[in-house]
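Take a look at the structure set out below.
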Amino acid sequence: MSRVFDERRVVVCVGTGGVGKTTASAAIAVAAAASGRRTLVMTIDPARRLANALGLVDFGNVEREIPAAAFTPYGVTLQAPLWAMMPDVKRTFDELIDRYAPNDAQKRSIVENKIYNQFATRLAGSLEYAAVEKLYQEYTSGKYDLIVLDTPPSQSAVDFLSAPGRIVTFLEQDTVQWLLKPYVLAGRLSMRLLDFGSALISRSLRRLAGAETLRAIAEFVVSFRGMYDGFRERSQKVRTLLRSEDVAFVLVGTARAADRAAMLRFRAGLEAGDMHARAIVLNRTRPPPYPDEAEAAVQARLADHVGHPHHAAALVTALSEEAMLAREDAAARAMLAEEVGDTPILSLPELPLDVHDLESLSQLHRYFLG
Amino acid sequence: MSPRLRIVIGKGGVGKTAVAAALGLAEAQRGRTVLISEVRAASRVSNLLQVAPVGARMREVLERVWVVDMNPDDAIHEYVLMTLRFERVYKAVFENRLVRGLVHLVPSLAELVMLGKLWYHEREAVRGRLRFDTLILDAPATGHGLALLRTPFAVEATVPAGPLKDHARDVRELLTDHAKTRLHIVTTPEEMPVNEANDIERAMRLELGIRLGHTILNQRLAPLPEDALGRLEKLRGDPELGPSVRALAIREGKRREGEAQIARLNPVLREETVSLPRLVEPTFGLAQVRELASLLTPVLEA
């Protein structure tokens, strides 16, 4: 099997929360750096220990190099530098406004608008938007051979992939355009919605939301004037990048039924958008402790060694639970393989959690070296 | 008085829906009529209870157990109807698609009206008797869940005087009523879920002031006998038993790590806890939810 990052410049790991996406992304990045590629791993909201291990603290929207020496105790030699970055949603949005606002006054009026702040930080998909926006910035910087993007957890690929288009869609909505039109026509801020044609509609809307709320929305929309083209062009470029051969999507999940269903949803979402999952990572799989037919023999021998009957019973029960979970994992993998055809599936083993994180990464990266 | 509203919240994947469903069954077993509400959840509660999927139209799926899966569009429709009183007016206004778009631009309206639905059912009476004894909200995962709970506070603080602000205040008053409402944080013994549990506790303490109920420690493993495990260590290299010894060691390592994570929970969250076991059956359904329900009785007695 060729490696997932070969001939790619971007690897995007997608999946729901809590499946070890960040660990898989970091392991892919370590594998790439160990293979001589200058690699950046971008992650949003990593587990604290992994963040610490990668030196990720809040130091602004910039990358930090992970010293190669950090891996040498675990027998891994990085052949090229490895950087890590944790993009910040609000800052990424502010940078965008900074880039596209035609002048300072307009920039201020946007950033100070209450609706903007909700929009930037609370609108469904703003995290996803910031992630792809930052990815695009780093991709075009040309500083890296490979960027591994650990996407924020979401319930479907659609959340993440439609993010770049969402702002444009938002701004192009009939309603928004219609709110804007009087301004464009008259060259001034006109509260058309307060003069609504039908008195019934006008009264009803004001009763629902209050005239002041409607005014704030209109002001926000109007303050975006002159920025549409910038946003639209940006979104188009990101779309093109995500569909190019430079990018490999990797689905990350676990053998749990809910995660498997999510992976299939993600895959369908990608396909619908003309994007393709190049590999599937099945995280935290448990290898069977013994072949099914040996269960009785293994349990008897274990009980023998333990001696104490209560203790032996506790261990045997625990072990048969582990065996059942391993069987479920194997069955899950088989079912998944049937669904996804020739997309390669990589099973990463569950590791004891008390090992240091760079040590886990050092163990796991080998699975991506092919 | 028993709490009227129980909110179940925690990181994605920790078993919130199973806990919410189990709490519902436990309440119903005591003769109380329950409404379990989820939010855009693809009918997960009804699937878990192995009954026909329930969507935005609530249904009694087991005796005294009602389920609803709320979604923004239907909730807004209901809210607008309540405010405008007449379907005819709703149609006149909302068949204008510009207006529809505009309503979706009102920040947080969808979230507010979904909580507003709970507020409405909390006081809903049929023939002079409350329709539901307990409402259970299976909240979205931490980030979105907190955003949902913050909505009435944010709307009340930012929206000019008017019907929206009044509605936000009603909902906020229910959420912060210490006699009526409890927030149950669910966590597994793992790092990220524990971090999020602490984040939620902090948000309640510093911002929202919703009263905490029992913390639910889900999928907690029982310790294995240490000296027995020790005696097996020498078999690690054994071709037949080695993998079993390693599997047990990994499990025990994971359990210890999990206990260390639980110890990181804010002490407030460790005051009142209920531990639920990890259930390994290949299918998780009504029987498993009942099993969990039987373990949740301490929650109801508090």
Side-chain angles (χ1 to χ4, degrees), chain A residues 16-19 47-49 114-115 118-119 122 153 173-176 178-179 193 198 200-201 204-214 217 258-259 286-290 294 297-298 301-302 305-308 310-312 314-315 318-319 321-326 328 350-354, chain B residues 11-14 79-80 83-84 89 92-93 96-109 141 144 147 154 158-165 190-193 195 222 224-225 227-229 231-232 235 240-241 243-251 253-254 256-258 278 280 282:
Chain A
T16 50
V19 296
R48 200 161 298 154
R49 284 179 319 163
K114 269 181 184 163
I115 308 266
Q118 291 230 23
F119 179 79
R122 293 263 320 268
Q173 275 181 60
D174 289 347
T175 314
V176 173
W178 164 83
L179 278 169
L193 59 98
S198 153
L200 172 66
I201 291 178
S204 305
L205 266 182
R206 259 177 288 167
R207 248 170 81 194
L208 284 174
E212 285 306 311
T213 307
L214 299 184
I217 293 170
D259 289 341
R286 291 152 288 209
Y290 42 70
V298 168
R301 276 192 66 196
L302 274 180
H305 276 282
V306 171
H308 193 300
H310 284 311
H311 289 177
L315 291 191
L319 192 58
E321 277 183 19
E322 295 306 309
M324 186 180 312
L325 293 169
E328 285 171 29
E350 177 165 54
L351 297 175
L353 286 174
D354 44 9
Chain B
K11 186 178 186 320
V14 297
Y79 168 72
V80 171
T83 314
L84 300 180
V89 181
V93 175
N96 180 334
R97 58 191 252 271
L98 297 179
V99 176
R100 277 170 80 113
L102 188 68
V103 166
H104 284 274
L105 291 185
V106 177
S108 312
L109 181 62
H144 291 119
T158 56
V159 162
L164 261 190
K165 196 188 186 81
E190 294 171 287
E191 184 188 3
M192 294 294 274
N195 290 349
L224 296 177
D227 50 330
L229 274 181
R231 222 165 295 152
L232 295 179
L235 296 171
E240 192 188 26
L241 297 185
S244 295
V245 175
R246 283 196 295 277
L248 287 172
I250 286 182
R251 175 193 166 115
K254 207 165 96 171
R256 268 201 304 270
E257 170 72 19
R278 179 180 72 169
V280 295

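Because the structure is a prediction, the values reported are computed rather than measured. Each chain gets a letter, A, B and so on, in the order the sequences are listed, and its residues count up from 1. We use all heavy atoms of the structure for the numbers below, so side chains are in, but hydrogens, waters and symmetry mates are not.
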Inset, instruction - Would you mind checking which part of A/L315 comes under 4.5 Å of any heavy atom in chain B, side chain (CB onward), backbone (N, CA, C, O), both or neither? - result: both

Legend entry - Nearest atoms (heavy-atom pairs only) where B/P243 meets A/P289: CB-O, 3.2 Å

Legend entry - Qualifying residues under ring pair (Phe, Tyr, Trp, His ring centres under 6.0 Å), relative to A/H311, sequence neighbours excluded: A/H308

Legend entry - A/E328 to B/V280 - nearest heavy-atom pair and separation: OE2-O, 2.8 Å

Inset, instruction - Answer yes or no: is there an ion pair linking A/E322 with B/R278, defined by an N-O contact shorter than 4.0 Å? - result: yes

Legend entry - From A/R301 atom CZ to B/L235 atom CG, the distance as rounded to the nearest 0.5 Å: 7.0 Å

Legend entry - Smallest separation among heavy atoms of B/L224 and A/A314, with atom names: CD2-O, 4.1 Å

Inset, instruction - May I ask you to name which of A/M324, A/H310, A/H305 has the most heavy-atom pairs under 4.5 Å with chain B? - result: A/H305

